[in-house]
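Keep in mind it's a predicted model, so treat the numbers as computed, not measured. What you see below is based on every heavy atom in this structure, not just the backbone, and it leaves out hydrogens, waters and symmetry mates.
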Amino acid sequence: MNMAGLPVLIGKEDVARLLRYKDLLPKLEVALGQFSKHDISEVIQPVRTVVPLTKHNGFLGLMPAYMVHEDILCTKMVAFYNREQGSTLPSTQATVLLFDPESGCVLAVMDGEVITAMRTAAASAISAKFSMPVQSEVLCILGSGHQAVSHYDVFTEAFAFKQVRVWSQRKESAESFASAVQGAVTVCSSAKEAVEGADVIITVTGASQPVLFGEWVKPGAHVAAVGACSPGWRELDDVLMKKAVVYADSREGAMKESGDIILSGAQVFAEIGEVINGTAPGHREKTTVYKSLGMGIQDAVSAKLVYDQWKSQGGDPGVTHQ
Ligand SMILES: NC(=O)C1=CN([C@@H]2O[C@H](COP(=O)(O)OP(=O)(O)OC[C@H]3O[C@@H](n4cnc5c(N)ncnc54)[C@H](O)[C@@H]3O)[C@@H](O)[C@H]2O)C=CC1
Ligand SMILES: O=C(O)C1=NCCCC1
């Protein structure tokens, strides 16, 4: 909130400057563990309310969360779409509101796109930390959009892969991705070529039909499945879903929203927070899938970090105050 008692506006560039993986990763890991205790005296986060925008092939998601001990009250509004190939419209747009839980005042209204990209990638990295093979040398990314970039950033910051491969529906997009990121990336001509032999595979596509097939996946590999966040959409085929040990960020969310889980009939073995808490094993020796749907607590932790950083840096009256 600014000196006039109005919410501060924190735009995309400022969120990108203020939110850092080194702060986000440890806080998010704690929050995922707290969530999986399923104790409403610690975390209150209903499964998001989803309003279908059938006419436009998309959804509006409302994602409130309250973290009791940290006293963080937040909600995100996110619109997401299954876009036609070549569409110039964004596939995800989001705004985050951070509240003062005591008064109910809105402290800050901030861009949600950078938060969505970074917290989703950070949660995938935390999941990989607990369930990827001990010797993980080859990282494969299917898709080359916003989530591909944030996943590349955090996975190469947190782990030491020897090779990173990317495949995208349009080869030019994969090539642009490879030239935009910091390190070396091998652009593959097919998803199969990118996947075969990889230790960690990240699916970050807008697909509604499978793009990753179990027969390509090396036994023991870890898959972070980030796209297909709707009951009718798929990224992974039945072969993979049936042979893998399946983890999710939220079991309830996955059973309501994940086409890969609902349509394959696969069971969620554990939430990633249960692995963090030590109440479920992180089967590194088996083929594992982490099904990510996204959670309000991930946005809440991120928004609090952004706001605290913004305050500690004295704000920027010219840019962020109304
Ligand atoms: N689990 C979570 O918390 C979150 C999941 N998502 C989901 O992650 C996915 C990627 O999101 P963004 O990177 O923001 O989107 P984006 O639009 O920036 O990138 C999408 C990528 O998927 C590719 N693609 C689109 N249709 C495809 C198809 N039929 N087959 C193969 N590739 C295809 C595009 O070429 C592009 O490389 C989306 O499905 C989105 O809904 C997004 C935010 C959070
Ligand atoms: O958690 C989120 O934010 C999203 N999840 C699924 C698709 C788009 C945004």
Peer 1: Report the distance from atom CG of L263 to atom OG of S258, rounding to the nearest 0.5 Å.
Peer 2: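 Here the interatomic distance stands at 8.0 Å.
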Peer 1: Apply side chain to side chain donor-acceptor pair (under 3.5 Å) to the pair K76 and T116, showing each step before the final yes or no.
Peer 2: CA-CA 9 Å; K76 182 168 84 177; T116 301; 2.8 Å; yes
Peer 1: Taking the six-membered ring for Trp, are F35 and H38 parallel (under 30°), tilted (30 to 60°) or perpendicular (over 60°)?
Peer 2: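 Perpendicular.
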Peer 1: Just by distance, do the side chain of N277 and the backbone of G33 share a donor-acceptor pair under 3.5 Å?
Peer 2: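 At least one qualifying donor-acceptor pair exists.
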Peer 1: I want to check something: taking the side chain as every heavy atom from C-beta on, are Q135 and D199 in contact at a cut-off of under 4.5 Å?
Peer 2: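 No; the side chains remain at least 4.5 Å from each other.
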Peer 1: Is the shortest side-chain N to carboxylate O distance from E196 to K192 below 4.0 Å?
Peer 2: yes
Peer 1: Under a plain distance cut-off of 3.5 Å, with no hydrogens placed, do S168 and S173 share a side-chain donor-acceptor pair?
Peer 2: no
Peer 1: Just wondering, more than 12 heavy atoms not from E157 lying within 6.0 Å of its CD?
Peer 2: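 It does: E157 CD has more than 12 such atoms within range.
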Peer 1: Could you check whether any side-chain N or O of Q309 sits under 3.5 Å from a backbone N or O of V306, counting only pairs where one atom can act as donor and the other as acceptor?
Peer 2: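 No: the side chain of Q309 does not pair with the backbone of V306.
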Peer 1: Once you round to the nearest 0.5 Å, how far does CG of D249 lie from CD1 of I297?
Peer 2: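 The CG atom of D249 sits 8.5 Å away from the CD1 atom of I297.
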Peer 1: When the ring centroid of Y290 is compared with that of Y247, is the distance short of 6.0 Å?
Peer 2: no
Peer 1: Evaluate the ring-ring contact (aromatic ring centres under 6.0 Å, His included) criterion for residues F59 and W233: first the C-alpha distance (whole Å), next the side-chain angles of each, then the deciding distance (0.1 Å), finally the verdict.
Peer 2: CA-CA 13 Å; F59 300 89; W233 296 352; 5.5 Å; yes
Peer 1: Side chains of T92 and E113 only: does a donor on one sit below 3.5 Å from an acceptor on the other?
Peer 2: no
Peer 1: For K27, I'd like to know if atom NZ has over 12 heavy atoms of other residues, nucleotides or ligands within 6.0 Å.
Peer 2: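 No - once you tally the heavy atoms of other residues, nucleotides and ligands closer than 6.0 Å, there are 12 at most.
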Peer 1: Determine whether more than 12 heavy atoms belonging to other residues, nucleotides or ligands lie under 6.0 Å from atom NE2 of H283.
Peer 2: yes
Peer 1: Anything under 30° is parallel, anything over 60° is perpendicular, the rest tilted; go ahead and classify H151 against F155.
Peer 2: parallel
Peer 1: Side chains of L107 and F99: does their closest heavy-atom pair fall under 4.5 Å?
Peer 2: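 Of all side-chain heavy-atom pairs linking F99 with L107, none is under 4.5 Å.
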Peer 1: Can you tell whether the side chains of R165 and E193 come within less than 4.0 Å, N to carboxylate O?
Peer 2: no
Peer 1: To the nearest 0.5 Å, what is the distance between CE (M255) and NZ (K291)?
Peer 2: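 Spacing of CE (M255) from NZ (K291) equals 15.0 Å.
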Peer 1: Indicate yes or no: at least one non-hydrogen side-chain atom of K171 is less than 4.5 angstrom from one of S189.
Peer 2: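 SC-SC contact between K171 and S189 confirmed.
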Peer 1: E42 versus K37: any side-chain heavy-atom pair under 4.5 Å?
Peer 2: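 Result yes, sub-4.5 Å side-chain heavy-atom pair found.
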Peer 1: How about I40: does its CD1 atom have over 12 heavy atoms from other parts shown lying under 6.0 Å from it?
Peer 2: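 No.
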Peer 1: How long is the span from the CG atom in N82 to the OG atom in S208, to the nearest 0.5 Å?
Peer 2: 4.5 Å
Peer 1: Between T186 and Q163, is a side chain to side chain donor-acceptor pair (under 3.5 Å) present by the stated rule, with each step listed?
Peer 2: CA-CA 8 Å; T186 306; Q163 188 191 22; 3.2 Å; yes
Peer 1: Can a donor-acceptor pair be found between the side chains of Q267 and R251 at a distance below 3.5 Å?
Peer 2: no
Peer 1: Can you measure from CD (E257) to CG (L293) and round to the nearest 0.5 angstrom?
Peer 2: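 So the CD of E257 and the CG of L293 are separated by 5.0 Å.
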Peer 1: Looking only at atom types and distance, does a side-chain atom of S136 sit under 3.5 Å from a main-chain N or O of P133, one as donor and one as acceptor?
Peer 2: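 Side chain of S136 to backbone of P133, a donor-acceptor pair under 3.5 Å: yes, one is there.
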Peer 1: Test your reading of the model: is there a side-chain donor-acceptor pair from R48 to the backbone of L62, 3.5 Å cut-off?
Peer 2: no
Peer 1: Which of these, V239, L236, D237, L240, sits in a side chain to side chain contact (heavy atoms under 4.5 Å, CB included) with V217?
Peer 2: L240
Peer 1: Is R20 close to L305 at the side-chain level, that is, under 4.5 Å between some pair of heavy atoms?
Peer 2: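 In short, these two side chains do not touch, never coming nearer than 4.5 Å.
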Peer 1: Quick test of your reading of the model: are K304 and E70 salt-bridged, counting only N-O distances below 4.0 Å?
Peer 2: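 No, no charged N to carboxylate O under 4.0 Å.
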Peer 1: Check this for me: E172, atom CD, are more than 12 non-hydrogen atoms of other residues, nucleotides or ligands nearer than 6.0 Å?
Peer 2: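 Enclosed.
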Peer 1: Taking atom CD of E252 as the centre, does the number of heavy atoms from other residues, nucleotides or ligands within less than 6.0 Å exceed 12?
Peer 2: no
Peer 1: How far does CD of E29 sit from CD1 of I272, to the nearest 0.5 angstrom?
Peer 2: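 If we round to the nearest 0.5 Å, E29:CD and I272:CD1 are 9.0 Å apart.
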Peer 1: Can you confirm whether E235 sits close enough to D260 that some side-chain heavy atom of one is under 4.5 Å from a side-chain heavy atom of the other?
Peer 2: yes
Peer 1: Indicate whether any N or O donor in one side chain lies under 3.5 Å from an N or O acceptor in the other, for T288 and H222.
Peer 2: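 The criterion, which ignores hydrogens and geometry beyond distance, is satisfied for H222 and T288.
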Peer 1: Are any of the side-chain heavy atoms of L212 and V223 separated by less than 4.5 Å?
Peer 2: yes
Peer 1: Side chain to side chain donor-acceptor pair (under 3.5 Å), that's the test. Do D100 and S103 meet it? Break it down for me.
Peer 2: CA-CA 6 Å; D100 170 6; S103 66; 3.0 Å; yes
